[in-house]
Structure formats: structure tokens, C-alpha cells
Amino acid sequence: MTRFTEIAHKWQQRWKENKVFEVEPNKKEKLFVTVPYPYISGSLHIGHARVVTEMDVYSRYHRMSGKNVLYPIAFHISGTPVLGISLAIKNGDEKTIQLFSGYVGAYIKDKKEIARIIKTFEDPQAIVDFFVPKMIAEFSTLGLGVDWRRSFTSGDVIHQRMVEWLFHKYKDKGYLVQGKHPVLFSKSLNNAVGEDDIKDGDTDPVEKQEFTLIKFAYEDGFIVAATLRPETMFGQTNMWINPKITYVKAKVDHEIWYFSKECADKLQFQDHNVDIIEEIAGTTFLGKTCFAPFVERDLLILPSTFCNPAIGTGIVTSVPADAPFDWIALKELQDNPELCTQYDIDHTQVKAIELIPIINSKGYGDFPAVEICKKRKITSLLQEKELKEATQEIYKVGYHTGVMRDTCGKYAGMKVEKAKQAMRQQLLEQGRATIFWETSRPALSRDGGEVIVAILDNQWFIDFNAKGWKAEAKQCLDHMSIVPEKYRKRFEDVFEWLDKRPCARRRGLGTTLPFDKEWVIESLSDSVIYMSLYPIAQLVKKFKISGEQMTVPFFNYVFNGYGVVEKLSKDVGIPVEQLHTLREHFDYWYPNDHRHTFTAHLSNHLSFMIFAHVAAMKKKYWPQKISFHGMILREGNKMSKSKGNTIPLLELDRLYGADVFRAFMCSATSVESTLDWQTEKVEHMKKHLLNLYTILETAIKHQKNETIASEHDWFISRWEQLKQQATAALEEMDLRTYAMTVLYDMFSLYKDVSREAKEQQFHAINGAIITEWIRLLCPLVPHIAEELYEQAGEEGFASLAPWPKSDRAKINTIAEFTHDMTKQVQDDVRKVIELAKIEHPHRITIVISHEWKYALFTMLKELLEDTRDMKSIISSIMDTDMKQYSKEIMKIIPAVVKDPSKLPHFVLDQETEYKVVKHLGAKLGEDYNTHVLVEKAEVSTQPKARNAAPAKPAIVVE
RNA sequence: GCGGGAGUGCCGGAGUGGCCAAACGGGACGGGUUUAGGCCCCGUUGACUUAGUGUCUACGCAGGUUCAAAUCCUGUCUCCCGCACCA
């Protein structure tokens with residue numbers, strides 16, 4: 001454990017004991033800040049730490065600036081992940097058990113005890129109960145100024161009641177609708193499933209794919225083929241049926257269909273009635289025909305083994321121009337007359353099949369499938385992998401760049417992207433097709449049952465397009481501050497395309513839908529307005545208010561002030577005073593003044609938050625500000641648990657202590673940029689902080705309350721400017737500039753003055769700035785700051801000390817300039833001596849510029865403010881009595897106009913400069929142990945005297 | 001494909017029209033301190049030049065606007081992120 005870790009623990013303990021961050025409403029201006037509540041998922045790592053730490057630095061500044069700051073954190077447990085962990089442990093999943101044994105092992109050493117605790121995790125609530133206190137402890141190691149009394153989880157009664165209240169609001173306003181919706185579904189569990197219920201669902205995710213089932217008239221009914229590409233239907237040449245499998249004839253709704261048995265089974269889950277009539281061998285169909293839409297003619301049914309009964313209908317319509325599988329299958333048949341004979345098919349008919357060009361894709365001719373097969377040397381259906389890749393490639397290019405050809409009837413000239421939708425729509429409207437959902441790969445649930453797609457016909461949706469809602473949300477957004485501002489447009493776009501969103505599921509932790517208990521509110525929809533609980537959560541606990549008491553009217557009153565409090569009190573059995581207190585607290589803290597989050601939340605959580613607030617809250621409680629932070633990498637790589645490259649907060653605490661982390665994180669990159677965690681750089685920061693700490697400790701011991709001589713005005717001036725810079729940066733949440741200012745700029749400025757100030761004066765400077773500096777450091781490295789603050793003999797906590805105000809009156813740019821000039825001359829003298837290779841100069845002469853040049857430079861500076869026109873500048877100057885120096889002036893002006901940086905920041909007068917340099921001369925004389933002569937150009941005999949310019953005296957070393 | 005962002009030195013990264021050979025941090029090199037190492041301190045680190053205050057070249061590439069561009073405009077290349085119902 002490092003020294004910094006010890007200091008951190010000491011102060012974290014004291015803050016806790018003294019309830020430093022437990023806040024109540026008072027007379028001060030309030031600031032209520034939030035971050036998204038973290039999901040319970042085992043131990044915390046630095047990925048979690050960024051957002052909470054940034055918000056902490058920012059809010060600590062505001063606390064010191066005199067605001068009453070509320071910074072709370074709660075925990076999210078809704079949805080399926082915690083459930084999934086629980087399930088995995090129940091099923092004896094070794095990976096999960098090991099992972100969680102590791103997390104638990106961070107706190108408990110006894111192996112038996114660990115195993116016992118893991119066993120309890122079969123109940124999801126046990127996971128929550130175990131980790132919430134651990135997560136609070138781990139967050140606390142970061143030194144957060146959080147009021148932990150207000151924490152809760154999304155599974156707590158208060159949260160559930162509040163979510164119910166919100167959904168009642170949605171329902172009352174007509175923002176909830178019911179409809180059909182496809183979900184992944186386990187036949188054995190007879191329930192919807194998520195990623196964590198599916199075998200290998202985390203490593204090889206299963207998606208829902210939307211097939212179009214197209215009906216081809218055949219005998220008494222339809223042969224039904226499945227396709228993902230309805231836009232290729234103008235290119236159909238034949239039908240593929242697998243001779244090796246058995247199909248079924250079935251009554252589907254009111255029609256007779258011929259298709260695979262597997263599909264028939266699945267279709268029953270997708271809102272269709274299916275009665276199987278008989279089984280039919282695949283070979284039965286061969287050589288016959290069926291009638292195809294779009295091409296509007298009979299297609300020959302041919303054999304192919306690539307048709308998989310488990311995918312789609314096991315029947316595929318053939319588009320050899322655009323589908324590599326179809327092309328190779330057709331070619332194999334055309335090239336093998338024997339194969340045709342074997343299936344009793346007329347080879348001449350097969351041979352006669354001609355490809356129909358349908359899509360014009362970038363980089364391809366008439367028949368992309370043929371081209372790509374040739375290019376990739378695909379000649380056989382056995383090259384399955386290559387064929388799949390080729391199919392992907394053709395699809396991708398076709399979808400993005402393709403245009404329908406003249407062969408495609410009224411769709412000719414249409415982009416593939418559009419034609420796909422339009423053609424499918426036409427088929428559906430004509431009753432010649434239906435939608436069928438299929439999983440993107442064969443999948444099993446963890447208990448071994450088959451996973452399919454089922455359509456639920458009573459799915460609940462939030463309808464963001466409900467009348468008036470978007471307009472209000474937009475109004476809220478318009479009044480919000482978005483940092484960085486560039487994300488506002490993204491919000492606007494998201495608002496545009498937000499439509500109906502499924503908001504409840506059949507499984508998972510969370511809140512049941514109050515008016516339809518079969519459903520659990522989905523985890524993104526239940527976490528949109530929970531910040532409303534922070535002002536009251538600890539009161540609800542204190543007043544022992546039960547779930548039954550937190551009714552809809554209860555929240556209506558507490559949040560919005562609606563209703564008659566006496567009646568409410570009687571109805572729910574809560575004393576009027578308590579209701580008043582709840583209402584007052586809410587009204588004091590709300591709205592949420594600032595929410596700091598990751599950009600990934602923009603299109604869902606943050607947008608929903610705005611919609612939820614405008615739906616449920618009075619305008620004055622709408623959110624005020626959202627800021628964004630960037631992602632976090634480790635040594636250039638993404639951090640993830642599966643890669644095993646995360647850094648647990650406990651380890652961070654042990655190796656560095658919170659302050660090193662905070663300082664590194666804030667200074668490494670700007671808030672909105674990607675942060676790369678590089679151990680080497682963190683080590684550098686640790687060294688720097690140690691160095692800074694030592695310097696401040698020493699400075700504390702050598703303070704004097706004495707007047708600082710005017711020769712150090714430059715330092716004081718710069719100090720004030722840096723204070724201002726730090727403050728301005730914090731106001732903008734520019735944590736990087738702030739961190740750099742207090743860690744480095746002030747540090748090097750302090751070093752500079754320490755080198756040139758005499759001891760007494762240096763101690764006086766210490767007296768003037770040290771406690772200020774400590775306080776300025778406090779938001780960034782609060783533990784170190786507290787420790788030093790105490791050493792400096794200050795009362796109370798640095799965390800609660802007033803923020804140092806900068807004094808504009810002390811800013812003296814002339815003093816700074818003079819100081820810089822002195823340093824420059826000093827530097828030049830050193831360089832000249834080096835270049836001249838004179839080891840022991842016996843005389844140094846410094847020549848101050850001619851007086852008239854000061855007038856010239858002053859005038860030039862003024863003129864250059866208005867114009868860059870050489871002629872007018874020259875004529876203005878020549879109008880004065882400087883004309884006598886025209887020869888020299890004509891050399892100076894072009895150079896200066898071309899590059900105005902050649903002019904000094906300030907132009908002093910000759911006498912002042914002479915005095916300053918004379919003073920320096922004395923010092924130089926001591927340094928080099930030689931005679932130094934400072935003279936004005938007018939009296940100098942040195943030829944170099946002519947080169948002297950204001951702020952740039954000529955130097956001669958002999 | 002659409003939408004958004006980025007391309008600056010050995011590296012990370014400042015800089016949004018002139019005060020920029022480029023903050024700050026790191027690395028490398030030279031020197032000081034030290035028994036030695038570390039820490040710390042000083043200097044150098046685009047090229048050329050010089051007894052400093054000098055000249056030239058550079059901000060993905062190619063053009064343009066302007067007295068003046070890394071910064072504005074046009075084209076182009078490369079990389080990253082999002083394109084949803086998933087937390």
C-alpha cells in the first residue's frame with residue numbers, strides 16, 4: 001500500500017465520520033448532479049470510474065464555490081443480466097462460478113465461505129444484496145463526494161412504485177400501445193429468452209432475421225420458398241427442392257402450403273394456424289412446375305442439396321444471376337446430364353435455363369454471382385464457406401450501391417435499398433407472401449430446448465410518436481445545455497426516428513406493468529426518471545413509508561404538488577408534515593441540473609429521460625444539462641472482462657491511491673475524448689504528485705506573513721492568472737485544462753520563483769499562496785489536499801473550504817513582460833558566451849536601443865492594429881520627424897509587417913528598460929564574476945549598438 | 001451506403017485566421033547533483049546558419065479564398081464511432 005493510499009483511506013474515513021457530503025436543503029443555491037446508475041455486475045473497474053470521478057471533480061469545485069451540491073449514486077439491477085448470472089450459477093456454469101468466486105474472493109479469503117456465498121447467488125437478490133455494499137465501498141476508494149444515504153436499487157420498492165407511477169402517466173396520456181412483436185423464444189421454457197439464456201449467446205449472439213415467404217401456385221395450394229432478398233425476384237429461373245428430405249403438405253390458416261416440417265412447427269409460434277395434412281418426399285416435386293410472382297410464369301422445380309429444412313421453408317427460389325449458391329447449383333446440374341437422368345429430369349430443359357440480369361452493382365456486370373464465383377474459384381456446392389462469403393459480398397455491394405435494371409418492371413431504376421422494401425410490400429399486399437422470422441443461427445437455450453422466434457401479439461410499446469410528445473421533448477431539449485454542443489444535432493436526429501419501442505418483457509428483474517401483471521418493464525424503460533428519487537429516498541426510509549403508501553397520488557403530490565395534501569395524508573396514512581417535507585425536499589433539489597454520461601446512452605437512455613420528464617413532470621423540473629465523456633482504453637485496447645484486461649478499483653486503490661488515478665485521468669485527455677490507460681504514464685503521474693506533495697509540505701513549514709516585494713509582481717500576476725484559468729476551465733468542465741493548470745503550470749511557475757527569490761521573500765510568497773494552492777488542488781486530488789490542509793494548520797475540511805477567488809487588480813502584465821524580457825536577455829547572454837566560446841568574459845556590454853525606436857515601435861504597433869498595407873504604414877511614419885532615420889526604418893518595416901510577432905508584447909520607454917537591464921546587469925556581474933556595462937545606444941561606441949531594438953538590447957561579450 | 005468525428009513533432013496531445021517551429025506531458029541526447037542508481041535540477045531535440053535577437057520548410061494529399069491559413073472553402077485518401085429496440 002502506498003503513502004497516498006494511506007492518506008486516501010484516512011480522509012475517506014473522516015469524511016464519512018463527519019458526514020461531509022450528506023446534504024440537506026438550505027439557503028444556498030443548490031446543484032443537483034447525476035451520473036447513470038451502474039449496473040450490478042460484480043466488481044467495479046476503471047471503466048466505471050471515469051464518469052463518477054469526472055462528475056466528482058466538477059461537483060467538488062461547485063461545492064467549494066459555495067453551492068449546496070447533491071451528488072448521489074444508485075444501482076441498476078433490472079433486466080436479464082443479474083438473472084442470467086444467477087441462472088448460470090444454478091446450472092453449474094464453471095466460467096461464471098469462477099469469475100464470481102474471484103469477485104467474492106476479493107473480500108473473503110475462506111474458500112468454503114466463498115463457495116457458500118456463490119451458492120446463495122442462485123437467488124438473484126442475493127447477488128444484489130452482496131454487491132451493493134461492496135460497490136459502494138469500491139466507489140468510495142475513489143474519494144467521491146457522494147451522499148450515500150440516498151442510494152437505492154431499481155429493484156427497491158420505492159423505485160418500483162415510482163416506475164408504476166410513470167407508466168400510469170404514460171398510459172393516461174396515451175403513450176402506451178399494444179401490438180405484435182417478434183422475440184427470441186425457447187420452446188422448452190415456453191418463454192422469451194435473452195442473450196444470457198442462450199448457449200454461447202454472449203460469444204456468438206443470435207439475432208432475429210426477417211424472411212419473406214413467397215407463395216408459388218402449385219397443384220391445390222402453394223409451394224412456399226423463403227428469401228431474405230425479395231428484390232431479386234425478377235431474376236428467378238427455377239425452384240430448388242432438396243430431394244433428400246421430406247416436406248409436408250399443411251393447412252396454414254386457410255391455404256394449402258408445401259414446405260418443410262421444421263418451418264411448419266415454427267410458424268405456429270408466429271401467429272399462424274398450422275395443420276399438417278401429410279408428409280411428402282422431396283423427390284415428388286422434381287421436374288414439375290410452380291407459378292412465380294414478378295416473373296409471372298411457371299418455374300421448373302429442380303433438385304439441390306443445399307436447401308436446409310431448418311432454415312426458412314427448406315425451399316429456395318433460384319436467382320442464379322445474383323446468388324452464388326443458385327448459380328453453382330444450376331451449373332452443376334447443367335454440366336451433369338447424368339444427375340438429371342437420376343432425378344428423371346429433362347436435361348435439355350435445364351440446359352435451356354438462361355440467367356436474367358436484375359441488379360446493376362458497383363464493380364459488377366450482368367451476373368455478379370457468376371463473376372464472383374469465377375474470381376474466387378468456386379466451382380462446387382461443397383465450398384460452403386466460400387459460397388457464404390461470396391453471398392455476403394454480393395449482398396453488401398448490391399444493397400448499398402445497386403440499382404434495379406430494366407428487367408425489373410416498374411422497379412427499374414430504383415435503388416436496391418428501396419426496391420427491397422417496395423417489392424416485399426407489393427407481395428404482402430397481394431397476399432402472395434408473408435413474413436417469417438428466423439434466428440440468425442441454430443440456437444439452444446441453456447436447458448437444451450430449441451430457440452426460435454415467436455410473435456407475441458400483446459407486446460407493450462411506448463409510442464414516441466404519440467401526439468404532441470415529440471414537440472414537448474424538443475422544447476425541453478432546446479432549453480437544455482448540451483456539452484459538447486455538437487451532440488445536440490444527434491439528439492434531434494434521434495427524436496426524429498424514435499418510434500414505437502417495446503417496453504416490457506416476459507422475464508427479467510424489475511417492475512411489473514401495473515395494469516398487466518404478466519409483463520416486466522424492460523430495463524431501459526424503467527431507468528429514465530429515477531433521479532427524482534434522490535431528493536426523497538432517505539426520507540422515505542426515515543419515515544418508514546411502505547410500498548402500499550407510495551401510490552400514484554403520493555407521487556403526484558411529492559413530485560408535482562398535485563392534489564390536496566390533507567386528503568392524501570388520510571388516504572395513504574402518512575402525516576401531513578412528512579408529506580410536506582418530502583415535497584419541500586423534492587422541490588428544493590429538482591430539477592437535475594447536470595447529468596454526465598457516455599455518448600452511447602444518447603440514443604436511448606438520455607433521449608428517453610427527456611421524454612419521460614416531459615411526460616410526467618412539470619416544466620420547471622425538466623432536466624437542465626447533459627455532458628458527455630469519451631471511452632476508455634487500456635494500452636490502446638478496448639477493456640473488457642472477456643479480455644481480462646480490466647483494472648479493478650481495489651487494485652487501483654492499492655497500487656496508486658485515488659489521487660493518482662484522478663490526476664491521471666483528468667490530465668491525460670479532455671473529458672469528451674478517448675482515455676488510454678497506460679501504466680507507464682500513471683507511474684509518471686505518481687512521481688509528479690509525490691514531488692508536488694513534498695514541495696508543498698516543505699512550503700508549509702516555511703511560510704511567513706510578510707509583504708512581497710514589487711520585484712515579484714510578475715509572479716503574483718501570473719499566479720492570479722493561473723487561478724483564473726483553473727476556475728474558468730472548471731466552469732466549462734474542462735477538467736484537463738484545470739488539472740494541467742494546478743498540477744503543472746503552477747508547479748513550474750512556483751519553481752521559477754523559487755530559483756530567483758531570496759529566502760525571506762520566498763517564504764513570504766509561500767505564505768501568500770500555499771493554502772490557496774492546496775484548495776485549488778482539492779477537487780482534483782482531495783485526499784492530498786486534505787492532508788496538506790491539515791498540516792498547514794487550517795480548521796475544517798479543505799473539501800468544504802471556500803474556493804480561492806482571483807484578484808484582477810493584482811494582474812500586472814507589464815511586470816510579467818518586464819520579467820520575461822529580463823529572462824530573455826539573461827538567456828541571450830548565456831548563448832552568446834557559449835557561441836563565442838569565451839570561458840571567462842572580462843567584460844559584458846549591454847546596449848539599450850535608441851530612443852527613437854521606442855517611438856517607432858509604439859507607432860507601428862498602433863498602425864498594425866488597423867492595417868497591413870505597407871505603403872500607408874510607411875507614409876504615416878515618414879510624416880513624423882522619424883523621417884531622419886528613414887534608411888533604418890525602411891529595413892525594419894517590411895520585416896515587421898510581414899511578421900508582427902517581431903514586435904515585443906509591450907513597448908516600454910528607453911529609461912524604464914535601461915533601469916531594468918541595469919538591475920539585471922548587476923546580477924549578471926555576480927553570476928559571471930565580471931564587469932557588466934549597461935549603456936544607451938546614443939552614447940555607445942559599440943558598432944552592434946545599431947542592432948539594438950526595444951526589448952532586445954544588443955549584447956557584446958569580450 | 002447514410003450520419004458523426006478525427007488525421008499536427010520520436011510519442012500522447014494543445015492550437016480554430018496573424019503574437020506558432022508549435023503549449024503541456026513523455027521519450028531521446030548532453031550536463032549538474034549523487035559513493036552509485038533513482039528522485040531532482042539545467043540545456044538540446046525540423047533543416048540550415050550565426051557571437052544570441054536570422055533564413056527556409058512543415059500541420060494526411062491536391063487545389064482555392066485572403067495582405068495573412070494547421071485554422072475558412074472545394075475535391076481526395078485513410079482511420080474511428082453509430083445505423084436501434086441491446087444493457
Side-chain angles (χ1 to χ4, degrees), chain A residues 36 39 41 76 78-82 181 183 194-196 205 207-208 362 396-402 415-417 459 461-462 484 486-487 489-490 493-494 497-503 505 508 522-525 527 599-605 607-608 630-631 636 664 667-670 672-674 676 678 680-681 683-685 687-688 690-691 694-695 736-737 739-741 743-745 747-748 751 755 824-825 827-838 841 861 864 867-870 895 897-905 944 947-949 951-958:
Chain A
Y39 199 88
S41 59
H76 196 202
S78 309
T80 51
V82 169
H181 188 68
V183 293
E195 189 179 283
D196 40 275
E207 281 159 26
K208 292 170 286 186
K362 197 173 158 190
K396 203 177 144 194
V397 176
Y399 186 76
H400 292 310
T401 68
K415 281 188 164 181
V416 169
E417 250 179 290
Q459 171 72 49
F461 294 89
I462 293 174
K486 67 183 175 192
Y487 288 110
K489 175 85 170 56
R490 297 251 309 254
D493 293 345
V494 169
W497 58 247
L498 271 175
D499 190 14
K500 289 190 183 61
R501 181 177 200 282
C503 62
R505 307 176 71 180
E522 176 270 331
S523 61
L524 271 173
S525 305
S527 57
T599 46
H601 294 130
L602 193 151
S603 66
N604 42 56
H605 168 73
S607 294
F608 303 162
M631 58 175 193
F664 170 77
S667 60
T669 187
S670 57
E672 70 268 20
S673 306
T674 305
D676 192 7
Q678 292 173 274
E680 203 181 307
K681 297 204 166 158
E683 289 291 340
H684 282 298
M685 179 53 80
K687 274 184 202 166
H688 182 72
L690 272 168
N691 198 206
T694 315
I695 281 179
R736 182 173 210 259
T737 303
M740 296 301 258
T741 307
L743 289 177
Y744 293 108
D745 295 350
F747 185 85
S748 60
K751 288 271 180 182
R755 271 191 294 275
Q824 187 60 51
V825 172
D827 221 39
D828 287 341
V829 168
R830 187 179 53 74
K831 277 187 191 158
V832 172
I833 291 172
E834 244 170 55
L835 281 166
K837 298 192 179 72
I838 300 171
K861 251 185 129 51
L864 281 169
T867 178
R868 298 282 154 162
D869 183 49
M870 193 92 72
V897 171
K898 196 177 155 210
D899 180 8
S901 69
K902 290 198 165 75
L903 289 174
H905 258 101
K944 275 193 165 263
N947 295 348
K952 279 173 188 167
I955 296 161
V956 182
V957 179
E958 290 155 280

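Chain identifiers are assigned alphabetically (A, B, ...) following the order of the sequence lines, protein sequences preceding nucleic acid strands; residue numbering begins at 1 within each chain.
When the salt bridge (Lys or Arg N to Asp or Glu O under 4.0 Å) test is applied to Asp827(A), the partners found at least two apart in sequence or on another chain are Arg830(A). Every residue two or more places apart in sequence or in another chain that forms a ring-ring contact (aromatic ring centres under 6.0 Å, His included) with His688(A) is listed here: Tyr744(A), Phe747(A). Not counting sequence neighbours, the partners of Glu958(A) by the salt bridge (Lys or Arg N to Asp or Glu O under 4.0 Å) test are Arg843(A).
Distance His601(A) NE2 to C81(B) C1': 15 Å, rounded to the nearest Å. If you measure from atom CG of Asp499(A) to atom P of A84(B), you get 14 Å, rounded to the nearest angstrom. Phe608(A) has its CZ atom 11 Å from the P atom of C86(B), to the nearest Å. Between Glu672(A) atom CD and G82(B) atom P there is a gap of 18 Å when expressed in whole angstrom units. We find that CG of Asn947(A) is positioned 11 Å from P of U53(B), with the value rounded to whole Å. Lys681(A) places its NZ atom 12 Å from the P atom of C11(B), with the value rounded to the nearest Å. Rounded to an integer number of Å, the gap from CG of Asn604(A) to C1' of A87(B) is 8 Å.
Remark: side-chain polar atoms of Ser607(A) are paired, donor with acceptor, to backbone N or O of Leu602(A) under 3.5 angstrom. Distance alone, capped at 3.5 Å, places no donor-acceptor pair between the Lys952(A) side chain and the Asn947(A) backbone.
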Expected rows: protein N/O vs nucleotides 38-40 of chain B N/O, under 3.5 Å:
from	atom 1	to	atom 2	distance (Å)
C39(B)	OP1	Lys687(A)	NZ	3.3

Please write out the pairs of protein N or O atoms and N or O atoms of nucleotides 14-21 of chain B separated by less than 3.5 Å, giving the distance to one decimal.
from	atom 1	to	atom 2	distance (Å)
G18(B)	N1	Arg868(A)	NE	3.3

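Rounded to a whole angstrom, the distance from the P atom of G32(B) to that of C48(B) is 26 Å. When the C1' atom is compared between G18(B) and C72(B), the two are found 14 Å apart, to the nearest whole Å. Of the P atoms belonging to C86(B) and G13(B), the separation is 35 Å, rounded to the nearest Å. The same atom, C1', is picked in U71(B) and in G26(B); the two are 26 Å apart, to the nearest Å. U76(B) and G27(B) have their C1' atoms separated by 35 Å, with the value rounded to a whole Å.
Between Arg830(A) and C42(B) there is no side-chain polar atom (N or O) within less than 4.0 angstrom of OP1 or OP2.
Annotation: of the two residues near RNA chain B, His684(A) and Lys208(A), the 5′-most nearest-nucleotide partner is His684(A).
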### Query
In B/S/- notation, 5' to 3', how is nucleotides 3-10 of chain B contacted by protein heavy atoms closer than 4.0 Å?
--------
